[in-house]
Participant: 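The following block contains the structure, expressed as structure tokens.
Quick note: residue numbers are just sequence positions, from 1. Note that the structure is predicted; figures quoted are calculated from it, not measured.
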Amino acid sequence: MTRCVVLVRGINVGGAKKLAMADLARVLGGLGLTDVRTVLNSGNAVFTTRGAPEPLVPAVEAALQAELGVRASCLVRTAAEVAAVLAADPFTERTAGVDGAGSRMTYLFTEADPTPAQLADDDPRALDPGRIALGPRVVYQWCPDGVLAAPDVSRLVLRRWGLAVTGRNRNTVEKLATLLAT
């Protein structure tokens, strides 16, 4: 039994791709996943699976399309992977004690790591030196002036690297980690 989270990209943002969390939970349950709990209204759900988490991405994407008519990319991470992302955050010391830091620290989860060639052509760290760092299948982005004022790293990852990407702020990732641990 493995605790995991599914992160659905680009739903319920600005009125686009409406997806009720109850529907997301129902779709996940229909795939045989148990202990399903949605988190916020932004396409996050924690669950338990008996099988390997890797095959769940295409299964969830296909089920959302077939059952709800929602076409969206999904990423799945295990409880251990989410905990590792938080533990490896290179900006933890810099943001400690900063008011509102949890909403201004973004984790951009990616489907894979960039290749050396992709990094040589488009290294996101050059967009905002000292505020962007890379980890395993995650880009850390510190946005001290707010997310809207920060460079759009997700666009680079999606369009230039061709990788599925979805972002969550630290507050959300911490909530997910807590639920994954229970």
Participant: Do K175 and T178 pass the side-chain contact (heavy atoms from CB on, under 4.5 Å) test, and can you show the C-alpha distance, the side-chain angles, and the key distance before you say yes or no?
Facilitator: CA-CA 5 Å; K175 285 178 189 175; T178 298; 5.8 Å; no
Participant: For the residue pair N169 and R104, confirm or rule out a side-chain donor-acceptor distance under 3.5 Å.
Facilitator: no
Participant: Would you name the heavy atoms of L163 and A112 that are closest together and state the gap between them?
Facilitator: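 Residues L163 and A112, closest heavy atoms: CD1-O, 3.3 Å.
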Participant: Locate the shortest heavy-atom distance separating S42 from I11; write the atom from each residue and the value.
Facilitator: C-CD1, 3.8 Å
Participant: Taking a hydrophobic cluster as the set of Ile, Leu, Val, Met, Phe, Trp and Tyr residues connected by side-chain heavy atoms closer than 4.5 Å, whether directly or through intermediates, do F109 and L40 fall within one such cluster?
Facilitator: yes
Participant: If only atom types and distance count, is the side chain of Q141 paired as donor or acceptor with the main-chain N or O of P151 below 3.5 Å?
Facilitator: yes
Participant: In residues 58-76, what donor-acceptor pairs under 3.5 Å come from side-chain atoms, sequence neighbours left out?
Facilitator:
from, atom 1, to, atom 2, distance (Å)
E61, OE2, C74, N, 2.8

Participant: If you take all heavy atoms of C4 and T49, which pair is closest and at what distance?
Facilitator: SG-CG2, 4.0 Å
Participant: Under the side-chain contact (heavy atoms from CB on, under 4.5 Å) test, which residues partner S154, sequence neighbours left out?
Facilitator: L108, D152, V165
Participant: The test is side-chain contact (heavy atoms from CB on, under 4.5 Å); show your working for L33 and T48 and say whether it passes.
Facilitator: CA-CA 6 Å; L33 307 174; T48 302; over 6 Å; no
Participant: Test R160 against D121 for side-chain contact (heavy atoms from CB on, under 4.5 Å), laying out the working first.
Facilitator: CA-CA 9 Å; R160 298 232 179 117; D121 288 341; over 6 Å; no
Participant: Go through the structure and list residues passing side-chain contact (heavy atoms from CB on, under 4.5 Å) with A52, not counting sequence neighbours.
Facilitator: E54, P55
Participant: By side-chain contact (heavy atoms from CB on, under 4.5 Å), which residues pair with A101, not counting sequence neighbours?
Facilitator: T95, V98, W142, R170
Participant: Taking all heavy atoms of C143 and all of T106, pick out the closest pair and write down the distance.
Facilitator: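 Looking at all heavy atoms of both residues, the closest pair is SG-OG1, 4.0 Å.
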Participant: When you look at CZ of R26, are more than 12 heavy atoms from neighbouring residues, nucleotides or ligands closer to it than 6.0 Å?
Facilitator: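 Above 12, so yes.
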Participant: Answer yes or no: is there a side-chain heavy-atom contact under 4.5 Å between V8 and T166?
Facilitator: no
Participant: For R3, is the CZ atom crowded, meaning more than 12 foreign heavy atoms sit under 6.0 Å from it?
Facilitator: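 It does: R3 CZ has more than 12 such atoms within range.
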Participant: Would a 4.5 Å heavy-atom cut-off, applied to side chains only, mark M21 and L24 as touching?
Facilitator: yes
Participant: I'd like to check V46 versus V36 (side-chain heavy atoms, cut-off strictly below 4.5 Å). Are they in contact?
Facilitator: no
Participant: Do you know which two heavy atoms are closest between F47 and V5, and how far apart they sit?
Facilitator: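 Heavy atoms of F47 and V5 come nearest at CE2-C, 3.9 Å.
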Participant: Donor-acceptor pair, distance only, cut-off 3.5 Å: does the side chain of N44 make one with the backbone of V39?
Facilitator: yes
Participant: State, to 0.1 Å, how close V153 and P124 come at their nearest heavy-atom pair, and which atoms those are.
Facilitator: CG1-CB, 3.8 Å
Participant: Using atom types as modelled, flag every donor-acceptor pair under 3.5 Å from a side chain in residues 130-140 to any protein atom, sequence neighbours excluded.
Facilitator:
from, atom 1, to, atom 2, distance (Å)
R137, NH2, E81, OE2, 2.8
Y140, OH, V85, O, 2.8

Participant: Can you get from L56 to V82 by hopping between Ile, Leu, Val, Met, Phe, Trp and Tyr side chains that sit under 4.5 Å apart?
Facilitator: no
Participant: If you round to the nearest 0.5 Å, how far is NZ of K18 from CG of N41?
Facilitator: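 Here the rounded value is 7.5 Å.
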Participant: So, taking the atom named CE in M105 and the one named CZ in R168, what distance separates them when rounded to the nearest 0.5 Å?
Facilitator: 15.0 Å
Participant: Apply side-chain contact (heavy atoms from CB on, under 4.5 Å) to T92 and list each qualifying residue two or more places apart in sequence or on a separate chain.
Facilitator: D89
Participant: Is there a side-chain contact between L180 and R77, using heavy atoms and a 4.5 Å cut-off?
Facilitator: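 No, side chains not in contact.
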Participant: Hydrophobic clusters here meaning ILVMFWY residues chained together by side-chain heavy-atom distances under 4.5 Å, can you tell me if L176 and L86 are in one?
Facilitator: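 Same hydrophobic cluster.
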